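Chain letters run A, B, ... following the sequence lines, proteins first, then strands; residues in each count from 1. Quick caveat, the model's predicted, so the values are computed rather than measured.
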There are 2 protein chains.
Amino acid sequence: MVAEARGRSAYDRETVLRTCVEVFNRRGYEATSMGMLAKELGISKAGIYHHVTSKEEILEVASDRALAGLEAARHRCESLEGTWSEKLAYLLRESVRLAIDDRPYVALLLRLRGNSPVELAALERRRELTRFLEDLMVRAQEAGEIRDDVDARLQARLQLGMVNSVVEWFVSGGATGVGELQDNVVQLVFRGIAA
Amino acid sequence: MVAEARGRSAYDRETVLRTCVEVFNRRGYEATSMGMLAKELGISKAGIYHHVTSKEEILEVASDRALAGLEAARHRCESLEGTWSEKLAYLLRESVRLAIDDRPYVALLLRLRGNSPVELAALERRRELTRFLEDLMVRAQEAGEIRDDVDARLQARLQLGMVNSVVEWFVSGGATGVGELQDNVVQLVFRGIAA
């Protein structure tokens with residue numbers, strides 16, 4: 001009975017989704033077939049179609065998961081009382097947290113190239129988020145909160161590059177916690193490393 | 001004659017290599033077949049085998065191209081006279097320049113997951129370069145050149161994430177030149193954005 005319950009829980013929609021996305025990230029979305037996903041899950045092809053109708057549906061649900069989290073953080077950021085710098089720091093911290101919490105979904109989102117309408121729609125939502133961060137940087141600069149000798153939009157892209165990279169290399173459960181990672185990102189962005 | 005010469009030059013090994021790598025980056029390495037590469041180049045499958053023996057050979061040559069450039073920069077960095085911070089700034093600038101000059105090759109390198117011996121060997125060389133930057137940061141911190149309240153190795157990873165991201169978004173030939181991009185990276189890393 002225990003084994004049966006375990007078996008069932010291994011095949012709920014959430015587990016199927018996460019496993020499929022991890023396979024996409026490891027082997028490449030285009031190169032992965034529904035047959036390969038079923039094999040990785042140890043279920044039949046019919047079994048996987050019980051949970052999802054197509055590879056593209058998985059991509060859509062997964063990229064929506066990543067984007068919805070980031071968009072919610074953006075909305076909280078907008079309604080935050082404080083300086084532009086405080087809003088920026090909040091958004092950086094939340095983006096780091098989500099990159100770790102939703103890691104497989106964010107990693108998939110970051111690798112989309114726009115090879116289908118679903119991918120193009122996801123990339124457009126991603127661009128909206130990028131523009132929001134860029135505008136935040138421009139406003140902070142106009143308000144004199146950040147240095148005037150840097151390119152605000154370029155700096156926004158560099159910051160995003162830094163934050164997004166954590167999905168590739170951060171070791172969850174290792175010596176360094178997510179809070180310390182967030183602190184290091186905010187310190188680097190605002191103060192740099194110079195003593 | 002002109003057309004013929006042009007035709008020939010379009011199929012030299014360098015062009016074949018770069019085009020194949022661009023297709024890998026757009027469609028995913030695993031999902032791309034030699035037939036698809038031949039079609040993109042507008043040549044026959046026999047034609048492509050005149051230049052390269054396999055997909056894996058292209059991957060090996062391309063990742064070696066990216067790594068050799070970075071390793072040469074590392075060696076120049078090691079023999080540089082100056083502080084640890086100066087060495088670090090040099091390495092950051094050179095890494096940015098190479099990310100743009102060798103963009104398709106660096107982009108391919110950054111997407112490797114270790115799905116074959118060739119990929120694993122490339123990833124090991126990449127890890128060596130990461131360790132070199134980490135050690136540079138640790139030494140700079142020990143020498144009191146950088147703040148002691150940051151995690152030197154973590155900061156190195158964040159800096160690499162920032163630099164590597166430029167292959168995804170920097171617009172070559174746009175309003176912002178590579179020199180300005182390099183300046184913004186060094187400014188962000190050493191001084192941060194705070195006014």
Side-chain angles (χ1 to χ4, degrees), chain A residues 24-33 85 88-89 96 110-111 113-115 127 130 137 140-141 143-171 175-176 180-181 183-195, chain B residues 24-33 85 88-89 96 110-111 113-115 127 130 137 140-141 143-171 175-176 180-181 183-195:
Chain A
F24 288 161
N25 287 337
R26 196 165 70 239
R27 306 212 58 87
Y29 173 73
E30 278 87 358
T32 307
S33 66
S85 294
L88 176 64
V96 168
L110 295 177
R111 288 196 198 129
R113 301 266 80 82
N115 290 330
R127 266 193 296 274
T130 302
M137 279 290 294
Q141 197 173 43
E145 293 175 26
I146 66 168
R147 297 151 56 103
D148 56 10
D149 61 346
V150 295
D151 181 326
R153 289 184 190 278
L154 195 63
Q155 294 275 335
R157 305 303 291 258
L158 292 170
Q159 291 163 28
L160 274 181
M162 183 196 304
V163 168
N164 290 336
S165 78
V166 306
V167 304
E168 303 286 343
W169 55 263
F170 184 71
V171 182
T176 307
E180 201 183 331
L181 178 63
D183 291 346
N184 270 274
V185 166
V186 170
Q187 282 168 319
L188 181 52
V189 168
F190 282 92
R191 297 280 161 205
I193 60 171
Chain B
F24 289 161
N25 287 337
R26 197 165 69 242
R27 308 212 56 87
Y29 172 73
E30 278 87 359
T32 305
S33 66
S85 294
L88 176 63
V96 168
L110 296 176
R111 287 199 197 123
R113 300 266 79 83
N115 289 329
R127 266 193 295 275
T130 301
M137 279 290 294
Q141 197 173 44
E145 294 175 24
I146 68 168
R147 298 150 55 101
D148 57 10
D149 62 346
V150 296
D151 181 326
R153 290 184 190 278
L154 195 62
Q155 294 274 335
R157 305 304 290 258
L158 292 169
Q159 292 163 26
L160 273 181
M162 182 195 305
V163 168
N164 290 336
S165 78
V166 307
V167 303
E168 302 286 343
W169 56 265
F170 184 71
V171 182
T176 307
E180 202 182 330
L181 178 63
D183 290 345
N184 270 275
V185 166
V186 171
Q187 281 168 322
L188 182 51
V189 168
F190 282 92
R191 297 280 160 204
I193 60 170

- Query: Looking at A/Arg26, A/Gln155, A/Glu145, A/Glu30, which makes the most heavy-atom pairs under 4.5 Å with chain B?
  - Reply: A/Gln155

- Message: Minimum heavy-atom separation for A/Gly144 and B/Ala195, please, with both atom names.
- Response: O-CB, 3.4 Å

- Item | chain B interface, residue from A/Ala140, A/Ala194, A/Ala152, A/Ser165 that has the most non-hydrogen pairs under 4.5 Å | A/Ala194

- Checking A/Asn25 against chain B: side chain, backbone, both or neither under 4.5 Å from a heavy atom? backbone

- B/Ile193 side, atom CD1; A/Leu188 side, atom CG - distance, nearest 0.5 Å: 10.0 Å

- Query: Given that the side chain runs from C-beta out, which part of B/Asn184 has a heavy atom under 4.5 Å from chain A: side chain, backbone, both or neither?
  - Reply: both

- Message: Can you tell me how far apart CD (A/Glu180) and CG (B/Asp151) are? Round to the nearest 0.5 Å.
- Response: 5.5 Å

- For B/Thr176, is it the side chain, the backbone, both or neither that has a heavy atom under 4.5 Å from a heavy atom of chain A? side chain

- Task: Hey, could you give me the CZ/CZ distance between B/Arg191 and A/Arg191, rounded to the nearest 0.5 Å?
- Result: 11.5 Å

- Note on the structure: Most contact-rich option vs chain A, by heavy-atom pairs under 4.5 angstrom, among B/Asp149, B/Leu154, B/Val185, is B/Leu154

- Region of B/Leu181 that comes under 4.5 Å of a non-hydrogen atom in chain A: both

- Task: Quick one: do A/Leu158 and B/Val166 satisfy side-chain contact (heavy atoms from CB on, under 4.5 Å)? Show the steps, please.
- Result: CA-CA 8 Å; A/Leu158 292 170; B/Val166 307; 4.2 Å; yes

- Message: Using the salt bridge (Lys or Arg N to Asp or Glu O under 4.0 Å) definition, which of the options B/Arg113, B/Arg157, B/Arg111 pairs with A/Glu168?
- Response: B/Arg113

- Query: Where does A/Asn115 contact chain B at under 4.5 Å (heavy atoms): side chain, backbone, both or neither?
  - Reply: side chain

- Most chain B-contacting option - heavy-atom pairs closer than 4.5 Å, from A/Leu160, A/Val163, A/Val150: A/Val150

